[in-house]
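Here's the structure, in structure tokens; my notes come after.
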There are 2 protein chains.
Amino acid sequence: VPHEFDQHIAVIDVGDGTYAAELSPGWEVGGHINGGYLLAVLGNAVAQTLPAKPDPISISAYYLSASVPGPAQVTARVLREGGSLATVAAELRQGDEVRLTALATYGSLADAGGEVPAGWAGSAAPPDLPHPDECVPGTMAPPEVLEMAPFVRRFDVRFDHRMVGWALGQPSGRGEMQAWLRLADGREPDPVSLLMAVDSLPPVSMDLGRTGWAPTLELTAYVRAVPAPGWLRVRHATRFVQGGMFEEDCEVWDSTDRLVAQSRQLARLPRS
Amino acid sequence: VPHEFDQHIAVIDVGDGTYAAELSPGWEVGGHINGGYLLAVLGNAVAQTLPAKPDPISISAYYLSASVPGPAQVTARVLREGGSLATVAAELRQGDEVRLTALATYGSLADAGGEVPAGWAGSAAPPDLPHPDECVPGTMAPPEVLEMAPFVRRFDVRFDHRMVGWALGQPSGRGEMQAWLRLADGREPDPVSLLMAVDSLPPVSMDLGRTGWAPTLELTAYVRAVPAPGWLRVRHATRFVQGGMFEEDCEVWDSTDRLVAQSRQLARLPRS
């Protein structure tokens, strides 16, 4: 039996660089379809366009209109293919409406070269998280949240209990959260699912006491390595909240303590 | 007399969303034209397409081939315009070769809303820099560097002397540098010139002892505010060097201690 996630991101090649998809209602949050899921659907279509370069290395998406459950079309156009990388323009549409438009560079992460150069003195470390059993599962959300966010059921997510004040009406004001993350159906992470993982936690605006929807204008994700099986650790944080906007940085680490994806998005700060 | 920078990024509307530009040899570094300058040329053409929304809010560029001094064409196509923002696809070409392709959202930064929400506990601060007179001017580079990098003459740049070991054969290995920056001709910063500022310092791979060219695959810049006149402070840093790639984060602060732009790029680590 295929995993739920693979069914939900499945696309059918209908020719001329066009792919048919069916957006699942299971990824709705408050009436909107999660942007990371949309990126994974688009990213999956692009991967099928480029069999020898199946992995997203960098993808930048601009979100133009809100998607709804149901049929969608992805078009992918190769702009340049040469050497180990290809750059593609892609769009996800529903009817005449473009939902997101993207540019991406794909390649093969299996070909990635040596790990870390001699002399590198960087000290970035995975987020410090308590054991999953000591964290707060997403399914502990109030019934009305689970009702408006079927999205939550797609994951086994365990929030760091030291950073969940936002869920209890006591946001820290720092704009940060971190969690363990797996797909609920047991599907292991891969480069395409990381495109979803980078937008899987609630917006950090929640931790500023703004509980409304924070629409993403732009999101760029870099997939830095093929993830190992097991839990992912995801950290979201913002440093600059001004002019009605905030950037949200995300890091995703795998079970071997390797950074496997990072992203940054620019989103509108909810008014309340 | 127009400022040099405005002459170098000037475009002529030749109709149908197409603009003619002339890439100046003054922006070459080791035989390559600086990517931030190219982004400013493209960004200037997009601004002319959208008179009521002249400011780049977010721009994501994929660099496909190396530019050369001389004629270039920018094409800009509005994908969606509604409310206070417009999203555009743009390309910079030379002959049949696409040099960079981009997606961007433009608006008016003068319309940006309230500054910082109540409850925001973030503590991001401008880079700590010694007085410009205590810093190391870019023009102190060896004659052979100035010869291969006419780019250096475009700026008054003053590097933090505590982070210039890379210039003396003693890279710190941490992958960071910071500097004061102004255009040499005295032109004050504006949102379009910030697209150049985010890629104006040497790549941080220099501070890892890799002195070769670090080609940018992708760069996304967010312009967060209209900069005040005067010196900019620019900080570049990387946290993750792996698989032959590194990300470079840039912050640009203005003379009033406000973050005015931030960017992230993914670049190939030079082999030596």
Side-chain angles (χ1 to χ4, degrees), chain A residues 57-65 79-80 82 85 87 89 91 98 101-105 109 111-124 171-175 205 208-210 217-218 220 222 224-225 238-245 247 249 251 258-259 262 264 266 269 271, chain B residues 57-65 79-80 82 85 87 89 91 98 101-105 109 111-124 171-175 205 208-210 217-218 220 222 224-225 238-245 247 249 251 258-259 262 264 266 269 271:
Chain A
I57 307 293
S58 172
I59 185 165
S60 304
Y62 284 70
Y63 289 82
L64 302 185
S65 59
L79 303 176
R80 181 167 183 272
L85 299 176
T87 299
E91 253 178 18
V98 177
T101 185
L103 293 168
T105 292
L109 284 166
D111 298 343
E115 276 303 281
V116 172
W120 167 235
S123 57
S172 79
R174 290 191 303 271
S205 44
L208 308 176
R210 304 288 180 104
L217 270 73
E218 190 272 346
T220 294
Y222 300 153
R224 301 295 299 269
T238 188
R239 295 180 63 231
F240 302 106
V241 182
Q242 60 186 41
M245 313 273 267
E247 98 287 1
D249 284 351
E251 291 174 13
R258 177 144 67 162
L259 178 88
Q262 61 188 149
R264 176 174 286 171
L266 186 67
L269 188 68
R271 290 183 193 278
Chain B
I57 308 293
S58 172
I59 185 165
S60 304
Y62 284 69
Y63 290 81
L64 302 185
S65 59
L79 303 177
R80 180 166 183 272
L85 300 174
T87 299
E91 252 179 17
V98 178
T101 184
L103 292 168
T105 292
L109 285 166
D111 299 343
E115 277 302 280
V116 172
W120 168 235
S123 57
S172 78
R174 289 190 304 271
S205 43
L208 308 178
R210 304 289 179 103
L217 270 73
E218 190 273 345
T220 293
Y222 300 153
R224 301 295 301 268
T238 188
R239 296 181 62 231
F240 303 106
V241 182
Q242 59 185 39
M245 315 273 266
E247 98 286 2
D249 285 349
E251 292 174 12
R258 177 144 68 162
L259 178 89
Q262 60 188 148
R264 175 174 286 170
L266 186 67
L269 188 69
R271 290 183 194 276

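So you know, we letter chains A, B, ... as the sequences are listed, proteins then strands, and number each from 1.
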Between Arg174(B) and chain A, with a heavy-atom cut-off of 4.5 Å, which part of the residue counts as in contact: side chain, backbone, both or neither?
both
At what distance, to the nearest 0.5 angstrom, does CZ of Arg224(B) lie from CD of Gln242(A)?
5.0 Å
Measure Thr238(A) against the heavy atoms of chain B and call it side chain, backbone, both or neither at under 4.5 Å.
both
Look up atom OG in Ser60(A) and atom CD1 in Ile59(B), then write down how far apart they are to the nearest 0.5 Å.
11.0 Å
Heavy-atom distance under 4.5 Å to chain B: side chain of Leu269(A), backbone, both or neither?
side chain
When only pairs under 4.5 Å are counted, which of Glu91(A), Arg80(A), Gln262(A) shares the most heavy-atom pairs with chain B?
Gln262(A)
Select one option (side chain, backbone, both, neither) describing which atoms of Glu251(A) are under 4.5 Å from chain B's heavy atoms.
side chain
Look only at the side chain of Arg264(B) and the backbone of Thr220(A), and say whether a donor-acceptor pair between them is shorter than 3.5 Å.
no
How long is the straight-line distance from CZ of Arg239(B) back to CG of Asp249(A), given to the nearest 0.5 Å?
9.0 Å
So, do Ser58(B) and Leu266(A) sit near enough that their side-chain heavy atoms are less than 4.5 Å apart?
yes
With heavy-atom distances below 4.5 Å as the criterion, would you say the side chains of Leu79(B) and Leu64(A) are in contact?
yes
What residue in Leu217(B), Leu85(B), Leu259(B) has the most heavy-atom pairs under 4.5 Å with chain A?
Leu259(B)
Best-contacting candidate, Ser172(B), Gly173(B), Ala225(B), Gly209(B), against chain A by heavy atom pairs under 4.5 angstrom:
Gly173(B)
With a 4.5 angstrom heavy-atom cut-off, could you sort out which part of Ala61(B) is near chain A: side chain, backbone, both or neither?
neither
Contact part of Ala89(B) toward chain A, heavy-atom cut-off under 4.5 Å: side chain, backbone, both or neither?
neither
Distance, nearest 0.5 Å, that separates OG1 of Thr87(B) from CD of Glu218(A)
10.0 Å
Would you say Tyr62(A)'s side chain and Leu103(B)'s backbone share a donor-acceptor pair under 3.5 angstrom?
yes
How many angstroms lie between OG1 in Thr105(B) and OH in Tyr63(A), if you round to the nearest 0.5 Å?
12.5 Å
Rounded distance [0.5 Å steps], CZ in Phe240(B) versus CZ in Arg258(A)
13.0 Å
So do Met245(A) and Tyr222(B) actually touch side chain to side chain, heavy atoms under 4.5 Å?
no
